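Beneath this line is the structure, given in structure tokens, with notes to follow.
All values derive from a computational prediction rather than experimental measurement.
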Amino acid sequence: MPSSQARADRAPDPRHRGVLHRTGTWCARHFVIVLVLWAVALAGLQVLQHAYGGDYSDDFSLPGTQSQDGLDVLKAHAPQAGGYSAQVVLHDPDKPLTSVSDQVATAVTDLQKLPDVLSAQSPLPSSGSTPPPPPDPNTGPLSTDGRTAYITVRFSVQPSTLDPSYLDGVDQAVRPLRSAGVTVEYGGSLGELARPEPSDRTSEAIGFGVAIVVLLIGFGSLLAAVLPLITALVCALCGLALLGLLAAAATFATVSPTLATMIGIGVGIDYALFLVTRHRQNLADGRDPVAAAGNAAATSGHAVLLSGCTVIIALSGLWVSGIGFIGKLGLAAAVTVVTAVAGALTLVPAALGLVGRGIDRARVRRPVAETVPAQRDGSDEGGPDPGGPGGWHRYARRVERRPWWFLTGGVVLLAVLSFPALFIQLGHIGDGADPKSFTDRRAFDLMSSAFGPGSNGPLTLVIDQSKVPSGDRSSLADQARKALTDVPDALVITPLTATSDGDVLTATAYSVAAPQDGRTTSLTNRLTDDVLPQAVSGTAARTYVTGTTAAQVDFLDLVSSRLPLIIAVVVGLAFLVILVVFRGLLVAVKAAVLNVLSIAASYGVVVAVFQWGWGGPALGVSGEVPIESYVPMMMFAIVFGLSMDYEIFLLSRIHEAWVRTGDPRASVAHALEITARVITCAALIMVSVFAAFVISDDIVVKMLGLGLAASVLIDATVVRLLLVPAVMTLLGRAAWWIPGPLDRVLPRLDAEGGARPPERTGGGRGGAGAA
């Protein structure tokens, strides 16, 4: 006989006759219409995207920074010296490059004729002149042995933002050199343009393959495994098409579609899985398929809606950085989250209506849904689970009996994983970490070998003396030359030279280390903050350090200064969401604190693998690299939002049982028992989706993929299955306490369409809050 709980679930419940219930029921009943509309939307968006979609580009500026101001000064006073520089690196292991001087001259001339090129500087002495002795130390453009050189090409736009077809003209210009046996590689942003077009299809295929295996093992039904994957893919494709249309109106970074794919597929599978799991339990409880889908939309659909809103809120927090590049990355990910939520609330119920009771027809093992344990409200009504207590049931009771053990173990594990994060070094990942199949990596190696690693990231020093009287400029130049002598971490600083109008002095500083090295960052900051201001002290001159490396350091400083603000905003908003939904002050505090701890642990994993080099070579990363400056910021916003999926899913079941039984400890064990399977499967799927992106050639994508995979795994295991149940058990009734005045002020939201507790008779007392 069905239990009283099953009978109650089948009974009409007016509380479920809300918008989500009506939407889910309608979509399940009229599944043909809904599926056709989604198919039309998918096809239409793909057509529009191909016709009108924009391109992705890393062309962004940092207005107000000293590097950008310095670049503007150069553009105004020396257009040929301004712009964006890149190197065309030449190398001949058998003979000096002077033997192909005619071909070098031809290549330089042809490069100067290309669109968007301001200048191209030959590395060889002019014909007939006596070559000057190489500088000591030699920073180029011609090596001491004469076999390596670089042509400096200055562009009016960032070369990496040009169309890939632009490389046809560059290849044509250097063809005579290659015909003469000279190796030609493209460095800097020109080399970035020449990188292979990134493709995420392999990563997506791996993620989907693992997801199918996990779902088949976890739930035993082929349709139940495939349905979340298909709906997630459809929603992700729609989201990516919308992002492409947005890219026609605004500039999005090249990593944006990859990031949107990772997040869209991950949350899309999770959200669909939550609804499918609830739907299958409703079928097992005796509901007809349409009613089961409607109930799933009214219950788990609420959790999906709240989770999606929390993810979007967290991603929106990236705009607090004040950096459009960062904010748009959050917007790109939010687009696919929106389509994932829309698909979960409409497409998934329609698909469930289509398959009906046949969802478990094709099976690889005995299908399972949620476990329905005894009521645990002091009576045995409902009886035991017909299948007997399973592993999750026994585990839940073990946590209930020994919460301190699990809490201590979880905290210690998080502390160990978080330890490397104390030594995090933010920076920019240079070309030296790229695969050797990339031309910019080969150019980097040639430059480092011939001219030292600092040659790959020269710093342009700018002294604007336009407001200095002409009679004082000579003494200013002498003062500046003395200040630029023996600067720590500088391999060499070239002599100051004046622009043609005499208003600006320029020099080039070369670091003793590669651009991504911390010593180069220190040199840039020392020149900007101390050396150059001292060089012009007592005058009206203004100083700047500009160039690609200087802009990267400015970006790092901006991100580092605003990361604490983003953390505070995202944590605060998530705290408010949990507080409003679950009406428990300590529940909200617990959610914020534990999520921060889990993110710190994931930071530790990323630092150990990439910065310390523990496993980096196995992932295709050459040597130890700094943590890309914006990765921690992106990880925090994304992970904090995604962690709310499991937080809300688990807390909603705890709250549902607490409202029904009034037993806080048993409610925690009950919720853990019925959600552990789906949380574990959902986490494994999302981990597989994220981890599959570590095979990307882009180091930043690798870093994000590993960081997100580690954080989800930590959050769904250590936090959701250890710390949350332990803390909630220890808090007991106090977890749901909220001060009366605050309770009356906050709006009331329904977490999962569950029952409402009795109204309070006195403010501020412990008890169930309104769901």
Side-chain angles (χ1 to χ4, degrees), residues 255 259 262-263 266 311 314-315 317-318 320-321 326 329-330 333 410-429 433 516 518 521 555-571 574 591-616 619 621 624-644 646-647 683 686-687 690-691 693-694 699-720 722-723:
V255 76
L259 183 63
M262 293 167 64
I263 305 304
V311 175
L315 292 171
L318 291 172
V320 178
S321 68
I326 298 293
L329 285 178
V411 170
V412 169
L413 181 55
L414 288 184
V416 171
L417 292 174
S418 301
F419 178 73
L422 297 175
F423 306 93
I424 189 170
Q425 175 194 334
L426 300 182
H428 176 71
I429 299 175
Q516 70 189 44
T521 300
F555 182 77
L556 169 62
D557 292 341
L558 274 176
V559 170
S560 300
S561 65
R562 293 173 184 177
L563 180 59
L565 178 60
I566 288 180
I567 291 176
V569 169
V570 172
V571 172
V593 171
L594 293 186
N595 284 342
V596 170
L597 290 177
S598 68
I599 293 171
S602 63
Y603 283 175
V605 172
V606 171
V607 169
V609 171
F610 291 94
Q611 186 177 311
W612 291 359
W614 294 4
L619 300 180
V621 180
E624 301 169 359
V625 297
I627 306 306
E628 183 66 39
S629 54
Y630 63 87
V631 164
M633 184 182 292
M634 293 298 304
M635 280 182 58
F636 188 88
I638 294 170
V639 172
F640 208 94
L642 293 180
S643 66
M644 288 299 163
Y646 309 126
E647 182 78 20
M686 195 173 286
V687 167
F690 290 153
F693 283 86
V694 300
I699 308 298
V700 175
V701 173
K702 289 180 186 287
M703 198 172 284
L704 280 170
L706 178 66
L708 294 176
S711 61
V712 170
L713 183 61
I714 292 168
D715 187 81
T717 54
V718 180
V719 175
R720 277 336 126 208
L722 286 178
L723 296 181

Audit row: L722, T717, side-chain contact (heavy atoms from CB on, under 4.5 Å) steps and yes/no: CA-CA 7 Å; L722 286 178; T717 54; over 6 Å; no
side-chain contact (heavy atoms from CB on, under 4.5 Å) between I429 and M703, worked out: CA-CA 11 Å; I429 299 175; M703 198 172 284; 3.5 Å; yes
Intermediate values then yes/no, side-chain contact (heavy atoms from CB on, under 4.5 Å), L414 and I714: CA-CA 8 Å; L414 288 184; I714 292 168; 3.5 Å; yes
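Here the CE atom belonging to M262 is positioned 10.5 Å from the CE atom belonging to M686, to the nearest 0.5 angstrom. With values rounded to the nearest 0.5 angstrom, S602 atom OG is found 3.5 Å from M635 atom CE. For the atom pair CE of M634 and OG of S629, the computed distance is 12.0 Å after rounding to the nearest 0.5 Å. Put simply, CZ on F636 and CD1 on I566 are 9.5 Å apart, with the number rounded to the nearest 0.5 Å.
Here the shortest heavy-atom pairing between V605 and A710 reads CG1-CB, 4.0 Å. Contact detail for G707 and V606: the closest heavy-atom pair is CA-CG2, 3.5 Å. Between G317 and V570 the shortest heavy-atom distance is CA-CG2, 4.2 Å. Shortest non-hydrogen contact noted between H428 and Q516 is O-CB, 2.9 Å. Considering all non-hydrogen atoms of both residues, P420 and V607 come closest at O-CG1, 3.4 Å. For A421 against Y603, the heavy-atom pair with the smallest separation is CB-CB, 3.9 Å.
F690 has its side chain within reach of I263: a pair of non-hydrogen atoms, C-beta onward, lies under 4.5 Å apart. Counting only heavy atoms from C-beta outward, the side chains of L704 and L259 approach each other to under 4.5 Å. When side chains are defined from C-beta on, I326 does not count as touching R562, because their heavy atoms never get closer than 4.5 Å. Here the side chains of L315 and I638 are in contact, with some heavy-atom distance below 4.5 Å. With contacts defined as side-chain heavy-atom distances shorter than 4.5 Å, the pair K702/F610 qualifies. With contacts defined as side-chain heavy-atom distances shorter than 4.5 Å, the pair V718/L597 does not qualify. The closest side-chain heavy-atom distance from L318 to Y630 is not below 4.5 Å.
Without hydrogens or angle criteria, S598 side chain to N595 main chain gives a donor-acceptor distance under 3.5 Å. Put simply, the side chain of S418 never gets that close to the backbone of A415: no donor and acceptor are under 3.5 Å apart.
Looking at residues two or more places apart in sequence or on another chain, you find a side chain to side chain contact (heavy atoms under 4.5 Å, CB included) between T521 and N525, V553, L556. Annotation: side chain to side chain contact (heavy atoms under 4.5 Å, CB included) contacts of Q425 (sequence neighbours excluded): Q611, P626.
Under the 30°/60° scheme for interplanar angles, the aromatic rings of W612 and F419 are found to stand perpendicular.
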